[in-house]
Engineer: 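Here's a structure for you.
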Amino acid sequence: MKKILLSTVLLSSLSFAGGFMDMGTSGDIHVMLSSDKVLSEGANKIKVELNRGEHGGAVVAAKDVRVKFFMPEMPGMPYMESKDICKKTGEYFECNANLPMNGTWQYQVFIKDENNKDYKYKGSVNLGQASSTHNHH
């Protein structure tokens with residue numbers, strides 16, 4: 001796997017009226033995740049927008065976009081995850097995340113751009129909250 005370069009955080013988190021939103025960068029790609037509703041236990045539809053450089057920059061013609069939500073193993077609770085291959089819909093991608101319980105979920109977005117360069121964006125969200133926290137390394 002190619003070394004993944006992540007740049008500094010542009011914005012740590014944002015509130016989105018009535019929904020969920022998170023944005024940041026991975027290398028030279030601006031990543032924005034959003035949902036019309038706050039993420040909650042059960043099925044969630046997530047929109048992923050990718051722009052070169054900054055939000056509103058050239059749309060990235062990604063070849064592959066995948067999401068993985070996971071919760072580490074804890075005493076009395078097994079590791080859980082939900083993965084999906086995102087589908088291109090116009091200028092963005094749509095994914096589904098089926099989250100079986102409330103709590104803090106980590107997530108990763110795996111992106112392969114038009115030049116076959118790999119990117120990874122990470123974050124976490126407490127279900128029921130409109131914004132998230134994310135880690136950039």
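Note that the structure is a prediction, hence the values are computed from the model and not measured.
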Engineer: E73: which residues meet the salt bridge (Lys or Arg N to Asp or Glu O under 4.0 Å) condition with it, sequence neighbours left out?
Structural biologist: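 Partners of E73 under the salt bridge (Lys or Arg N to Asp or Glu O under 4.0 Å) test: none.
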Engineer: Quick one: which residue pairs count as a side-chain hydrogen bond (donor to acceptor under 3.5 Å, both in side chains) with a foot in residues 92-102, not counting sequence neighbours?
Structural biologist: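 Sorted result for residues 92-102: E41-N102.
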Engineer: Has K68 got more than 12 heavy atoms of other residues, nucleotides or ligands less than 6.0 Å from its NZ?
Structural biologist: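 Result for NZ/K68: enclosed.
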Engineer: Applying salt bridge (Lys or Arg N to Asp or Glu O under 4.0 Å), name anything that partners D84, two or more places apart in sequence or on another chain.
Structural biologist: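 Applying salt bridge (Lys or Arg N to Asp or Glu O under 4.0 Å) to D84 gives none.
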Engineer: In terms of the angle between their ring planes, are Y107 and F69 parallel, tilted or perpendicular, with boundaries placed at 30° and 60°?
Structural biologist: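 Tilted.
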Engineer: If a pair satisfies disulfide (SG to SG under 2.5 Å) and one of its residues is in residues 53-97, list it, with sequence neighbours excluded.
Structural biologist: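 Sorted result for residues 53-97: C86-C95.
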Engineer: Run the salt bridge (Lys or Arg N to Asp or Glu O under 4.0 Å) test against R52 and tell me which residues pass, sequence neighbours left out.
Structural biologist: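 Salt bridge (Lys or Arg N to Asp or Glu O under 4.0 Å) list for R52, sorted by chain: D28, D113, E114.
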Engineer: Any chance CD of Q108 has more than 12 other-residue heavy atoms, nucleotides or ligands included, within less than 6.0 Å?
Structural biologist: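 Buried by this count: over 12 neighbours within 6.0 Å.
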Engineer: Suppose clustering is done on Ile, Leu, Val, Met, Phe, Trp and Tyr with side-chain heavy atoms closer than 4.5 Å. Which residues sit in the same group as F70?
Structural biologist: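 Noted: F70 shares its cluster with Y79.
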Engineer: Which residue pairs pass the disulfide (SG to SG under 2.5 Å) test with at least one member in residues 19-59, sequence neighbours excluded?
Structural biologist: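 Matches after skipping sequence neighbours: none remain.
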Engineer: Where do N116 and K63 come nearest, in terms of heavy atoms and distance?
Structural biologist: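 Nearest pair, atom of N116 first, then K63: OD1-NZ, 3.0 Å.
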Engineer: With side chains defined as the heavy atoms from C-beta onward, is the minimum distance between I111 and D64 less than 4.5 Å?
Structural biologist: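 No. Closest side-chain heavy atoms not under 4.5 Å.
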Engineer: Does any N or O in the side chain of K120 come within less than 3.5 Å of the main-chain N or O of K122, such that one atom is a donor and the other an acceptor?
Structural biologist: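 No.
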Engineer: Going only through I, L, V, M, F, W and Y residues with side-chain contacts under 4.5 Å, is there a path from V31 to V59?
Structural biologist: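 Looking at the clustering, V59 is in a separate group from V31.
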Engineer: With hydrophobic residues grouped by side-chain heavy-atom distances under 4.5 Å, do I85 and V65 end up in a single group?
Structural biologist: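 Different clusters.
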Engineer: Would F20 and V38 satisfy side chain to side chain contact (heavy atoms under 4.5 Å, CB included), going step by step from the backbone distance to the final call?
Structural biologist: CA-CA 5 Å; F20 164 78; V38 174; 5.5 Å; no
Engineer: Nearest 0.5 Å, please: how far is OG in S124 from CE in M71?
Structural biologist: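 So the gap between those two atoms works out to 10.5 Å.
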Engineer: Quick one: list whatever passes salt bridge (Lys or Arg N to Asp or Glu O under 4.0 Å) with K112, sequence neighbours left out.
Structural biologist: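 Scan of K112 (salt bridge (Lys or Arg N to Asp or Glu O under 4.0 Å), adjacent residues dropped) gives D118.
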Engineer: Once side-chain contact (heavy atoms from CB on, under 4.5 Å) is applied, do any residues pair with P72, and if so which ones, sequence neighbours excluded?
Structural biologist: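 Expected list: none.
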Engineer: Sequence neighbours excluded, which residues qualify as ring-ring contact (aromatic ring centres under 6.0 Å, His included) partners of F93?
Structural biologist: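 Checked F93 against ring-ring contact (aromatic ring centres under 6.0 Å, His included); zero matches.
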Engineer: Do H55 and M32 come within less than 4.5 Å of each other through their side chains, counting heavy atoms only?
Structural biologist: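 SC-SC contact between H55 and M32 confirmed.
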Engineer: Find the distance between OH (Y119) and CD1 (I29) and round it off to the nearest 0.5 Å.
Structural biologist: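 Separation between the atoms: 4.0 Å.
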Engineer: Within this structure, what is the CE-CG distance for the pair M21 and D36, rounded to the nearest 0.5 Å?
Structural biologist: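 If we round to the nearest 0.5 Å, M21:CE and D36:CG are 10.5 Å apart.
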Engineer: Check residues 43-50 and write down every donor-acceptor pair under 3.5 Å in which the side-chain atom is one partner and the other belongs to a residue at least two apart or another chain.
Structural biologist:
unit_1, atom_1, unit_2, atom_2, d
N44, OD1, K37, NZ, 3.2
N44, OD1, S40, N, 3.0
N44, ND2, S40, O, 2.8
N44, ND2, G42, O, 2.9
N44, ND2, A97, O, 3.4

Engineer: Determine the minimum heavy-atom distance between W105 and M101, stating which atoms define it.
Structural biologist: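 In this case the closest contact between W105 and M101 is NE1-O, 2.9 Å.
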